[in-house]
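Written out below as structure tokens is the structure these notes cover.
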Amino acid sequence: EICNMSAKAAKNVRISAVIATLNRIPYLMNTLRDCNRQRGIKKEIIVVDQTPLRNWNRRKLEWVRKNCRYYHRAQKGVSAARNFGIRQAKGDVVLFLDDDVAFGKSLFQIHWESHKDPNVGGVLGLILEKGDKSRKAVFRKWSKRLEAKPLHHKEKKEIFWAPSGNTSYKKEALLKTKGFDEKFKVTCEDSDLSLQIRRANWRLLYIKKAEIFHHAAQQGGLEQRNNKIEETVKWLKLQDNAYYYFKNQELFGKKRIAYQIWITIRMYLINKQLMILRKHYLLKFIQNWCRGYKKAQKLGNQRNPSAK
């Protein structure tokens with residue numbers, strides 16, 4: 001399902017907005033209207049929809065097809081959907097947005113201008129949420145993680161990693177790092193991508209004025225999962241975290257890796273997300289642990305062939 005785009009229009013595109021969505025049609029429509037109101041830059045809006053077509057209102061679907069490049073995919077998975085969007089993108093900069101956000105008319109222009117520095121590979125904007133008008137992502141050196149903490153004087157800052165709800169990357173950097181790692185099932189795929197961008201010697205910047213409001217919709221996406229498979233999802237998150245930390249252990253540093261693993265396990269235990277240990281889940285956790293470790297060694301050998 002593709003909206004037609006002329007060859008001339010494709011050549012003039014500077015920024016491509018990629019939105020992967022699943023069963024959040026009312027929120028998605030508002031987000032797409034904000035996208036179409038962007039000023040001062042040649043743009044394209046790519047919607048990778050995993051919602052069953054029977055859930056769509058006919059008029060709304062026609063509007064989306066008319067105003068966006070619309071693709072319907074039965075295959076579920078945010079990483080696969082975003083990678084598909086990257087392959088379709090015509091712009092030099094690819095902006096990843098959640099499907100439940102709102103923003104002003106200059107968001108695309110701000111992201112584009114922030115990439116004029118050839119050393120910048122990724123740009124993260126300010127994310128506001130309901131009940132927290134001062135929320136922003138900031139770099140905390142002691143844990144090398146993004147934290148929600150109000151620091152109004154920070155207009156621009158280099159960061160260690162970035163989520164993907166309001167983040168743009170040079171398409172060149174995305175192609176070089178092969179996009180999102182589809183081995184991640186439910187989490188960590190966005191932060192892993194930003195770390196691979198850093199590994200390829202690009203800089204990541206936080207820009208305050210690239211601001212969005214995140215509705216944090218409870219319907220659709222991962223929140224749509226029912227209680228029957230809730231425990232499976234929790235274990236998948238733990239497996240993803242194990243793979244993520246060991247794949248990127250060199251970037252975290254030897255002194256921090258054990259601490260990061262301990263924090264991950266403790267977080268799930270405190271929130272009662274691990275209800276019971278089961279043998280086959282534990283086995284898959286260990287397998288992902290080892291897979292991430294081997295991947296890290298492989299990446300290290302590629303950068304230092306003389307060490308073989």
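- Using modelled atom types, one side-chain atom of N67 and one backbone atom of W63 make a donor-acceptor pair closer than 3.5 Å.
- Between E44 and S16, the side chains place a donor N or O and an acceptor N or O closer than 3.5 Å (distance only, hydrogens not considered).
- Atom CZ of residue R14 and atom CD of residue E113 lie 9.5 Å apart, to the nearest 0.5 angstrom.
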| request: With side chain to side chain contact (heavy atoms under 4.5 Å, CB included) as the test, would you mind laying out the steps for L128 and E211 before giving the verdict? | output: CA-CA 7 Å; L128 302 174; E211 176 183 315; 3.1 Å; yes
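- The side-chain heavy atoms of D240 and F184, taken from C-beta on, include a pair separated by under 4.5 Å.
- Looking at heavy atoms from C-beta onward, T167 lies out of side-chain contact with V123 at the 4.5 angstrom threshold.
- V47 and I25 fall within the same hydrophobic cluster, defined by Ile, Leu, Val, Met, Phe, Trp and Tyr side-chain heavy atoms under 4.5 Å apart, directly or through other members.
- Judged by distance alone, the side chain of N12 and the main-chain N or O of K42 form no donor-acceptor pair under 3.5 Å.
- The shortest side-chain heavy-atom distance between F96 and Y169 falls under the 4.5 Å cut-off.
- Note that the CG atom of N83 and the CG atom of L174 stand 9.0 Å from one another [nearest 0.5 Å].
- Here the side chains of L95 and F108 are in contact, with some heavy-atom distance below 4.5 Å.
- Remark: E182 CD is packed, more than 12 non-hydrogen atoms of other residues, nucleotides or ligands lying under 6.0 Å away.
- Residues K170 and D92 are not in side-chain contact: their nearest non-hydrogen atoms beyond the backbone lie 4.5 Å or more apart.
- Side-chain atoms of D190 and W161 form no donor-acceptor pair, as typed in the model, at a separation below 3.5 Å.
- The hydrophobic clustering, which links ILVMFWY residues whose side-chain heavy atoms are closer than 4.5 Å, places W112 and I45 together.
- Shown here is K171, whose NZ atom has more than 12 heavy atoms of other residues, nucleotides or ligands within 6.0 Å.
- Looking only at distances, a side-chain donor or acceptor of Q50 sits under 3.5 Å from a matching main-chain atom of G77.
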| request: Mind running side chain to side chain contact (heavy atoms under 4.5 Å, CB included) on F160 and L204 for me, showing each step along the way? | output: CA-CA 7 Å; F160 186 73; L204 300 176; over 6 Å; no
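- The NE2 atom of H215 lies 10.5 Å from the CG atom of D99; values are rounded to the nearest 0.5 Å.
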| task | Any chance you could lay out the side chain to side chain contact (heavy atoms under 4.5 Å, CB included) test for V78 and L22, step after step, and finish with the verdict? | result | CA-CA 9 Å; V78 66; L22 172 62; over 6 Å; no
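- Between the NE2 atom of H214 and the CD1 atom of I212 there is a distance of 7.0 Å, given to the nearest 0.5 Å.
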| request: Carefully, step by step, assess D34 and N30 under the rule side chain to side chain contact (heavy atoms under 4.5 Å, CB included). | output: CA-CA 6 Å; D34 284 349; N30 291 330; 5.8 Å; no
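- Atom-to-atom distance recorded for T21:OG1 and H72:NE2 is 10.0 Å, nearest 0.5 angstrom.
- Here the side chains of S168 and H115 are in contact, with some heavy-atom distance below 4.5 Å.
- For the pair R69 and Q88, the minimum side-chain heavy-atom distance is below 4.5 Å.
- In this structure, a donor-acceptor pair under 3.5 Å is present between the side chains of S164 and R82.
- Using a 3.5 Å distance cut-off with no hydrogens or angles, the side chains of N36 and R33 do not pair a donor with an acceptor.
- Residues K183 and Y243 meet the side-chain proximity criterion, which asks for heavy atoms closer than 4.5 Å.
- In this model, no donor atom of one side chain and acceptor atom of the other lie less than 3.5 Å apart for Y71 and R73.
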| said: Let's go through E62 and R58 carefully: what are the C-alpha distance in whole Å and the side-chain angles of both, what is the deciding distance for salt bridge (charged side-chain N to carboxylate O under 4.0 Å, His left out) to 0.1 Å, and is it a yes or a no? | reply: CA-CA 6 Å; E62 287 178 353; R58 181 179 175 181; 3.3 Å; yes
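- With hydrogens and angles ignored, the 3.5 Å screen pairs no side-chain donor or acceptor of D98 with any backbone N or O of D100.
- Without hydrogens or angle criteria, D192 side chain to Y244 main chain gives no donor-acceptor distance under 3.5 Å.
- Summarising the geometry, atom CG belonging to L193 is positioned 9.0 Å from atom OG belonging to S79; distances are rounded to the nearest 0.5 Å.
- A salt bridge does not link E155 to K209: none of the charged side-chain nitrogens sits closer than 4.0 Å to a carboxylate oxygen.
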